[in-house]
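Quantities reported herein were computed from a predicted structural model and do not represent experimental measurements.
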Amino acid sequence: QVLLVESGGGAVEAGGSLRLSCTASGLPFDQYNWGWFRQAPGKEREAVSCVGYESITTYYSDSVKGRFTISRNNAENRLYLHMTSLKPEDTAMYYCAAGLLVLPSSCIPLTGHDHYGQGTQVTVSS
């Protein structure tokens, strides 16, 4: 059974930082592309940042480029998202995801082969 568990969310003021973590089990972590998605109330889920299984290919949405950094630790089956210079518009539920097509220009879930965690809430106040 695939289990993805996110942690590290919270409430911060604009300009602050948070580091999200995702611990995975039930799948070969090092053979998957991984990513972070987010969904704000009333909006569609969007890809924030993704990383290829080889840890070379990365994707960042335009809204987070230069502020967020994705990383992975294959030995510990963990995915991270270091978020800095947070803005109120970053407020959303953040989800860890596996089973993605990752390109520098896009990050696309592979329907039927993708997995998601339950999410961790990030709230940024102005």
> Taking the side chain as C-beta and beyond, is there a heavy-atom pair between R72 and S55 under 4.5 Å?
Replying inline: yes
>> Do T57 and P104 make a side-chain contact, defined as non-hydrogen atoms from C-beta onward lying under 4.5 Å apart?
In response: yes
Which atom of [X] lies closest to which atom of [Y], heavy atoms considered:
X	Y	value
S106	Y59	N-CD1, 3.3 Å
G112	D114	N-OD1, 3.3 Å
N77	N74	OD1-O, 3.2 Å

>> Please determine whether side-chain contact (heavy atoms from CB on, under 4.5 Å) holds for the pair F68 and V48, giving the CA-CA distance in whole Å, both sets of side-chain angles, and the decisive distance to 0.1 Å.
In response: CA-CA 9 Å; F68 291 10; V48 176; 3.7 Å; yes
Whether [X] side chain and [Y] backbone form a donor-acceptor pair below 3.5 Å:
X	Y	answer
E6	Q118	yes
Y60	I70	yes
N33	Y53	yes
W34	Y80	no

>> Please determine whether side-chain contact (heavy atoms from CB on, under 4.5 Å) holds for the pair R45 and F37, giving the CA-CA distance in whole Å, both sets of side-chain angles, and the decisive distance to 0.1 Å.
In response: CA-CA 7 Å; R45 186 173 59 191; F37 285 67; 3.8 Å; yes
Which side-chain N or O atoms in residues 12-30 pair as donor and acceptor under 3.5 Å with protein atoms at least two apart or in another chain?
none

>> Once rounded to the nearest 0.5 Å, what's the spacing between atom OG1 of T58 and atom CD of E54?
In response: 9.0 Å
>> Apply side-chain contact (heavy atoms from CB on, under 4.5 Å) to residues V64 and W36 and explain how you reach the verdict.
In response: CA-CA 12 Å; V64 307; W36 290 95; over 6 Å; no
>> Once side-chain hydrogen bond (donor to acceptor under 3.5 Å, both in side chains) is applied, do any residues pair with S61, and if so which ones, sequence neighbours excluded?
In response: S63
>> Under the side chain to side chain donor-acceptor pair (under 3.5 Å) definition, can you give me all pairs with a residue in residues 83-103, not counting sequence neighbours?
In response: R38-D90, R38-Y94, R67-D90
> So which of V102, L79, L100, L81 actually passes side-chain contact (heavy atoms from CB on, under 4.5 Å) with V51?
Replying inline: L79
